[in-house]
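Following: one structure in structure tokens, then a few remarks.
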Amino acid sequence: MAAIYSGTEATLKTLAYQHILSVEQFTPDVLEALFGLAQKMDRQVALGRSDSILTHRIVANVFYEPSTRTDLSFQAATQRLGGRVITTAGGVHYSSVTKGESLHDTVKTIACYSDAIVLRHPNRGAAREAAAASDALTRAMHRPTPIINAGDGTGEHPTQALLDLYTIKDRFGADIDGLTVGFLGDLRNGRTVHSLLKLLAIDRCHVKVICIAPESLSMPPEYVEFARSREMPVSQTQDLQGVMQQVDVLYVTRVQRERFVAQKLDDLAAQVYGLPYENLDGQRKEALRPVAELNAAQEYLAARDAYVVDPMMLSQARQEMIVMHPLPRVNEIPEEVDSDDRAYYFRQVQNGLYIRMALLAAVLDCLG
Ligand code: NCD
């Protein structure tokens, strides 16, 4: 069965039993091989063929934050390849997490039952922490249990970036030199744009990036510097209309409401006490909360409607461009845009399945 995937395995062997924590682990060669394999997965699914290269493999989906696409596409990917998925009945909030169990202990436990763990967590760096926990256990296990980062707070979302780059190449061809990619919306908190910006730079694509966001939600400097250090030009603006004509890809994101309160708490702790929020005692933490919640609500309302990509706005864009969005959308792309040929977000959803099938096959070393 694995024979149909031959030709890709040598390069993809480097992913076998590796944690997938950041896009920084990928090289252009590995990306090319992975995308080639994803194409084969696409064909297999289209032909209605079911493969069984993940037979006897168990993937654990552990989601501490809501998810539709990432969770279900990893489940579908595993099952399409003959593997099985385990997860705590009723979600992670019905696990011992609610009794105060640490991420370390939870991960070590789940690693005893599974061959890979797909983890989504609200804290930046949680996937790395989970990888350390899994490694600590590995000594007692037959094989390491890789952690796949399915989004760690405002940090990264590497598998989304893989499917996003795959989608761009699916549309424009493998050579995307010369394209202009616009990132729009909450670039401060959106982990998908953090990962994709870095991945474009890592893939040595000669694309130009324009970050379009209100000042309070602009792309964090560390990502801009990462791209520029790899000679990828990145400019910043608040004026969507002004750049609409230039973009070949407009990657839209929602305003990440759920991140605002934590951010305000951090800002206030620094202003009032000159300390990180997490270093404050319980009383001080409580004192800051009402002000943080009020500021967060005001800022969210101001940012929410800052940019809407509606048919009127799209009428100013190129005919050959595409509109992407990791989804879920709130009100930044009205549904009437879906029938426009340039709307590519459900293509991204579809491609997420093939990319995750390819990634699981590589990480679980099932390519023969
Ligand atoms: C994104 C996420 O969770 O980061 N969704 C996804 O995985 N497709 C985007 C978002 O939540 O806005």
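Numbering of ligands and ligand atoms starts at 1, following listing order.
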Discussion item. Under a 4.0 Å threshold between the charged nitrogen and the carboxylate oxygen, would Arg230 count as salt-bridged to Glu24?
Written reply: no
Worksheet item: In terms of side-chain geometry, is the basic nitrogen of Asp203 or Lys169 positioned less than 4.0 Å from the acidic oxygen of its partner?
Response: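 Result for this pair is yes, salt bridge flagged.
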Worksheet entry | Atom indices of ligand 1, in the order listed, that fall short of 4.0 Å to a heavy atom of Thr70 |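 That gives atoms 6 (C), 7 (O) of ligand 1.
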Response to the item:
Note: ligand 1 atoms sitting under 4.0 Å from heavy atoms of Thr192 are 1 (C), 4 (O)
Among all protein non-hydrogen atoms, which one is nearest to [atom], and what is the separation to 0.1 Å?
| atom | result |
| --- | --- |
| atom 8 (N) of ligand 1 | Pro326 O, 2.9 Å |
| atom 11 (O) of ligand 1 | Arg254 NH2, 2.9 Å |
| atom 4 (O) of ligand 1 | Arg191 NE, 2.7 Å |

Fill in: Sub-3.5 Å N/O-N/O distance, Gln256 and ligand 1
yes
Worksheet item: Which bit of Glu65 gets closer than 4.0 Å to ligand 1, counting heavy atoms only: side chain, backbone, both or neither?
Response: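 Neither part.
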Fill in: Criterion salt bridge (charged side-chain N to carboxylate O under 4.0 Å, His left out) on Asp365 and Lys13, from CA distance to verdict
CA-CA 7 Å; Asp365 198 16; Lys13 268 276 185 229; 2.8 Å; yes
Worksheet item: Can you find a pair of side-chain heavy atoms, one from Val330 and one from Val255, that are under 4.5 Å apart?
Response: no
Worksheet item: If you measure only the distance, is there a donor-acceptor pair under 3.5 Å linking the side chains of Asp135 and His19?
Response: yes
Practice prompt. Classify the side-chain pair Asn351/Thr167 by whether it contains a donor and acceptor separated by less than 3.5 Å.
Written response: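 A donor-acceptor contact under 3.5 Å links the two side chains.
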Fill in: Proximity winner for atom 7 (O) of ligand 1, if only heavy atoms of His157, His194, Arg69, Glu156 are counted
His157
Worksheet item: Just going by heavy-atom distances, which of Asp71, Asp152, Val349, Leu327 is nearest to atom 5 (N) of ligand 1?
Response: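 Minimum heavy-atom distance to atom 5 (N) of ligand 1 goes to Leu327.
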Worksheet item: Could Arg120 and Phe63 be counted as a cation-pi pair, given that NZ or CZ must be under 6.0 Å from the ring centre and within 45° of the axis?
Response: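 No; the conditions do not both hold, so Arg120 does not lie above the ring face of Phe63.
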